[in-house]
Amino acid sequence: MASFDIFDTIEQLRKTDEAFCVATVLRTADATSAKAGGKAAITKDGQILGHLGGGCVQRAVRSSAQQALVSGEPQMIRVKPSEKVVNMTDPDGVQTFKSGCPSGGTVDLLVEPYQHAPRLVIFGESPIATALAAHAALAGFRVCVSEGAETDGNLQRFTSETIGDLGIEARDFVVVASQGQGDVAALAAALQTDAARVSMVASRRKAETLTSKLITQGLDPVRAAQLKSPAGLDIHAIDPHEIAVSILAEVVLWRNSDKSKRESHDEKRA
């Protein structure tokens, strides 16, 4: 039987589309089965791959991993005997968890989230869609394009029917750049995703006309109101590449603004 290698496991997880955490034992005190330097990967569904110690440590790590995946920030935690826990945060600022394990030891761990880059999902086969895909790939996004889009590189492709298979999350971005080719179907599919930010390459009047039509077909008006159109920052862009740059700049602004809001929220909680 081949020996377990945590670094091979981490590399395998990186090749998937799922976020995960890596927990490292930093320090131990008194008797404990955990050893400093021990590592494990924690999957999104709470599976622990590797050894960190007993059940009490594992429960704490699972809880912390869920918090880290939501916040996107690393978590420093301490697991120690219940009778030694006065507050849920120690004087040094480390979050504490009660341990009922008979060993009676204390374990400090660092739980680090690994999240892939956000997706940028682009509907359409227009020159703007093609240019945006090229620029976004260079900017480090996971780019997903319509099935018939003429793009360079091995990008993930989808249709309006298979869009649900991408696993789009709130932190991902969707841009409709169909420009007269299946606009209604593309916009309907885009607004049915879980992406918090959806924009469309179209005039405000055209977007309002299309969303009004979709509302009569059952689209939630609240969701329709979240559409940003025209897509992009106003940089007086003219050709497809300039327009693509303006759209990408807006997406980057949204991404960094959302990150700043999360960090500010975390600081206030601390």
Side-chain angles (χ1 to χ4, degrees), residues 17 116-137 139 141-151 155-258 261:
D17 275 339
H116 298 78
R119 295 179 184 86
L120 180 57
V121 181
I122 307 167
F123 283 85
E125 302 171 17
S126 65
I128 293 175
T130 300
L132 179 58
H135 290 300
F141 287 90
R142 288 184 291 162
V143 181
C144 305
V145 297
S146 295
E147 186 64 45
E150 296 183 3
T151 57
L155 303 180
Q156 190 169 7
R157 296 178 180 270
F158 67 91
T159 65
S160 295
E161 292 72 29
T162 63
I163 187 71
D165 297 336
L166 295 180
I168 297 172
E169 301 174 307
R171 70 190 188 99
D172 296 326
F173 305 92
V174 177
V175 176
V176 179
S178 46
Q179 293 192 278
Q181 302 297 318
D183 289 339
V184 175
L187 184 57
L191 290 173
Q192 288 169 8
T193 68
D194 290 334
R197 309 279 194 174
V198 179
S199 59
M200 185 175 189
V201 181
S203 68
R204 186 173 291 104
R205 178 176 294 181
K206 178 179 178 178
E208 289 174 351
T209 299
L210 293 177
T211 53
S212 294
K213 182 176 182 178
L214 291 175
I215 289 172
T216 63
Q217 296 175 1
L219 177 67
D220 184 350
V222 175
R223 180 56 168 161
Q226 294 174 330
L227 176 67
K228 164 63 168 60
S229 185
L233 301 178
D234 184 5
I235 60 172
H236 304 290
I238 298 175
D239 69 29
H241 278 280
E242 290 180 347
I243 295 171
V245 167
S246 77
I247 296 170
L248 183 59
E250 183 173 60
V251 169
V252 170
L253 176 63
W254 283 339
R255 180 189 63 186
N256 293 343
S257 296
D258 291 342
K261 288 179 182 177

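Residue Ala249 comes nearest to Leu233 through the heavy atom pair CB-CD1, 3.8 Å, listed as atom of the first residue, atom of the second, then distance. Of all non-hydrogen atoms in Ser126 and Ala177, the two that sit nearest each other are OG-O, 2.7 Å. Listed here is the closest heavy atom pair of Arg255 and Pro118: CD-CG, 4.1 Å. Residues Ala129 and Gly124 come closest through the heavy atom pair CB-O, 3.5 Å. Ala195 and Val174 get closest at one heavy-atom pair: CB-CG2, 3.7 Å. Residues Ile215 and Ala224 share a closest heavy-atom pair of CD1-CB, 3.9 Å.
Here the CZ-NZ distance, from Arg204 to Lys228, works out to 7.5 Å after rounding to the nearest 0.5 Å. Taken from CD in Gln179 to CD1 in Ile128, the straight-line distance is 4.0 Å, to the nearest 0.5 Å. Rounded to the nearest 0.5 angstrom, Asp172 CG and Phe141 CZ are separated by 10.0 Å. To the nearest 0.5 Å, atoms CG (Leu155) and CG (Leu120) are separated by 10.5 Å. Between Asp183 atom CG and Lys213 atom NZ the span is 10.0 Å, to the nearest 0.5 Å. Note that CG of Leu227 and CG of Leu214 are 9.5 Å apart. Values are rounded to the nearest 0.5 Å.
For Gln181, the CD atom sits in a loose shell: 12 or fewer heavy atoms of surrounding residues, nucleotides or ligands are nearer than 6.0 Å. Counting heavy atoms of neighbouring residues, nucleotides and ligands inside a 6.0 Å radius, atom CD of Glu150 does not exceed 12 of them.
The shortest side-chain heavy-atom distance between Leu132 and Val201 does not fall under the 4.5 Å cut-off. Using a 4.5 Å heavy-atom threshold, the side chains of Thr193 and Arg223 count as touching. Side-chain atoms of Arg197 and Val251, non-hydrogen and from C-beta on, never get closer than 4.5 Å to each other.
When atom types are taken as modelled, the side chain of Ser160 and the backbone of Ala189 share no donor-acceptor pair closer than 3.5 angstrom. With hydrogens and angles ignored, the 3.5 Å screen pairs no side-chain donor or acceptor of Ser146 with any backbone N or O of Glu125. Within the 3.5 Å criterion, the main-chain N or O of Cys144 finds no donor-acceptor partner in the side chain of Arg119. Not a single donor-acceptor pair under 3.5 Å links the side chain of Thr162 to the backbone N or O of Phe158. Remark: side-chain polar atoms of Lys206 are not paired, donor with acceptor, to backbone N or O of Glu208 under 3.5 angstrom.
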> Could you go step by step and tell me if Ile163 and Val121 meet the side-chain contact (heavy atoms from CB on, under 4.5 Å) rule?
Replying inline: CA-CA 9 Å; Ile163 187 71; Val121 181; 3.8 Å; yes

> Yes or no on side-chain contact (heavy atoms from CB on, under 4.5 Å) for Ser199 and Phe173, after CA distance, side-chain angles and deciding distance?
Replying inline: CA-CA 8 Å; Ser199 59; Phe173 305 92; over 6 Å; no

> After noting the C-alpha distance and the side-chain angles of Thr151 and Ile122, does the key distance pass the side-chain contact (heavy atoms from CB on, under 4.5 Å) rule?
Replying inline: CA-CA 11 Å; Thr151 57; Ile122 307 167; over 6 Å; no

>> What verdict does the side-chain contact (heavy atoms from CB on, under 4.5 Å) test give for Met200 and Leu210, after you've listed the backbone C-alpha separation in whole Å, the side-chain angles of each residue and the deciding distance to 0.1 Å?
In response: CA-CA 11 Å; Met200 185 175 189; Leu210 293 177; 3.4 Å; yes

Which donor-acceptor pairs under 3.5 Å do the side chains of residues 241-248 make with protein atoms, sequence neighbours left out?
{"from": "His241", "atom 1": "ND1", "to": "His135", "atom 2": "NE2", "distance (Å)": "3.0"}
{"from": "Glu242", "atom 1": "OE1", "to": "Ile238", "atom 2": "N", "distance (Å)": "2.8"}
{"from": "Ser246", "atom 1": "OG", "to": "Ile243", "atom 2": "O", "distance (Å)": "2.7"}

